[in-house]
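For reference, the structure discussed in these notes is given below.
Position 1 is the first residue of the sequence; numbering continues from there. Scope of the values below: all heavy atoms of this structure, side chains included, with no hydrogens, waters or symmetry mates.
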Amino acid sequence: MPSIHNGVQPTFQIGELAKRAALSIDAIRFYERRKLLPPASRSTGRFRLYTTDAIERLLFVRRMQGLGFSLQQIKELMGVRADRAHACSAVHQFLKTKLADVAVRIRELQQLETELKADLRKCNRALKQQRGKTCACPVLEGEERTNA
């Protein structure tokens, strides 16, 4: 349940934060250890207290992870986010770099797809030739790859 802390913003204990951010308590602690969340203030009972800023930060982290950014990159993006005057050009560069990485990964996956299809064709040919009898697998036997 939220409470007013220091007369400023409502604060939440970690369980409430976890619900609002749709994360586990362990995930929140993990992000704290990685310095993606600033250290929480403490109640008189020594419970961690978080503000709505923590929810926003966690949602930002999840969104950036969904785009494929590493935790280190997200930390850098958070620094950029704090400098709103220059944020757009810095984010532009981050996105260009990430897009280039994705393009490379797509090419690698397409090559992998080509190789897997070629191996599958080898297996299909071997199975067709043997007509149900046992046979050595051409893929496991290390035959040269062909794009047949």
Side-chain angles (χ1 to χ4, degrees), residues 1-2 9-43 46-148:
M1 168 160 283
Q9 286 188 46
T11 57
F12 313 94
Q13 289 184 9
I14 196 166
E16 181 66 18
L17 177 64
K19 284 181 198 167
R20 289 177 181 236
L23 290 168
S24 69
I25 291 172
D26 287 339
I28 292 170
R29 289 181 178 144
F30 173 81
Y31 291 137
E32 281 182 317
R33 285 191 303 274
R34 296 295 183 274
K35 309 263 189 263
L36 292 166
L37 273 180
S41 61
R42 298 284 182 153
S43 69
R46 303 290 298 145
F47 291 104
R48 291 181 170 114
L49 296 175
Y50 301 91
T51 64
T52 54
D53 179 58
I55 298 169
E56 291 171 17
R57 288 175 73 96
L58 290 170
L59 294 176
F60 177 78
V61 168
R62 290 184 61 210
R63 193 172 80 230
M64 293 300 103
Q65 281 185 303
L67 292 175
F69 288 101
S70 69
L71 294 181
Q72 181 57 43
Q73 290 169 324
I74 293 169
K75 194 182 294 187
E76 291 173 32
L77 281 167
M78 284 183 162
V80 167
R81 192 175 183 214
D83 181 12
R84 295 199 187 276
H86 301 99
C88 194
S89 61
V91 169
H92 180 264
Q93 188 55 48
F94 265 97
L95 293 175
K96 275 179 58 175
T97 301
K98 180 53 75 180
L99 188 57
D101 293 345
V102 167
V104 167
R105 184 73 176 128
I106 287 171
R107 285 192 299 279
E108 290 171 348
L109 288 171
Q110 287 171 332
Q111 179 61 39
L112 177 60
E113 179 186 36
T114 299
E115 291 174 16
L116 289 171
K117 283 180 177 180
D119 284 345
L120 187 58
R121 283 192 298 274
K122 287 180 191 177
C123 286
N124 287 339
R125 276 195 306 275
L127 290 170
K128 196 180 277 186
Q129 289 171 356
Q130 296 300 318
R131 293 198 174 104
K133 298 176 191 165
T134 59
C135 64
C137 176
V139 175
L140 296 179
E141 296 300 317
E143 288 184 15
E144 281 299 310
R145 292 191 185 274
T146 61
N147 290 325

> What distance do E56 atom CD and R81 atom CZ have between them, rounded to the nearest 0.5 Å?
Replying inline: 6.5 Å

>> Set out, in order, the CA-CA distance, both residues' side-chain angles and the distance that settles side-chain contact (heavy atoms from CB on, under 4.5 Å) for V61 and F69, then state yes or no.
In response: CA-CA 9 Å; V61 168; F69 288 101; over 6 Å; no

> What residue among L59, L58, I55 forms side chain to side chain contact (heavy atoms under 4.5 Å, CB included) with R20?
Replying inline: I55

> What distance do L17 atom CG and T11 atom OG1 have between them, rounded to the nearest 0.5 Å?
Replying inline: 11.0 Å

>> What's the separation between atom CD in E115 and atom CG in L120, rounded to the nearest 0.5 Å?
In response: 13.5 Å

> Looking only at heavy atoms, which two atoms of R48 and A40 are closest? And how far apart?
Replying inline: CB-CB, 3.8 Å

> Under a 4.5 Å cut-off applied to non-hydrogen side-chain atoms, are L71 and Y31 in contact?
Replying inline: yes

>> Could you work out, with side chain to side chain contact (heavy atoms under 4.5 Å, CB included) as the rule, every residue matching Q93, not counting sequence neighbours?
In response: K96, T97

> Which heavy atom in Q73 sits nearest to a heavy atom in F94, and how many Å separate them?
Replying inline: O-CE2, 4.0 Å

> To the nearest 0.5 Å, how far apart are CG in L67 and CG in L77?
Replying inline: 9.5 Å

>> Looking at E108 and R105, is there a salt bridge between them, counting it only when a charged N and a carboxylate O are closer than 4.0 Å?
In response: yes

> Can you check whether A21's main-chain N or O pairs, donor with acceptor, with R62's side chain at less than 3.5 Å?
Replying inline: yes

>> Testing the basics here: between A18 and S24, what is the closest heavy-atom pair and its distance to 0.1 Å?
In response: CB-C, 4.2 Å

>> Can you tell me how far apart CG (L140) and NZ (K122) are? Round to the nearest 0.5 Å.
In response: 11.0 Å

> So, for I25 and G15, which heavy atoms are closest and what is the spacing to 0.1 Å?
Replying inline: CD1-CA, 4.1 Å

>> To the nearest 0.5 Å, what is the distance between CD on Q13 and CG on L49?
In response: 6.5 Å

> Any sub-3.5 Å donor-acceptor pair from K75's side-chain atoms to K35's backbone N or O?
Replying inline: no

>> Is there a side-chain contact between R57 and M78 in this structure, where contact means two heavy atoms from C-beta onward sitting under 4.5 Å apart?
In response: yes

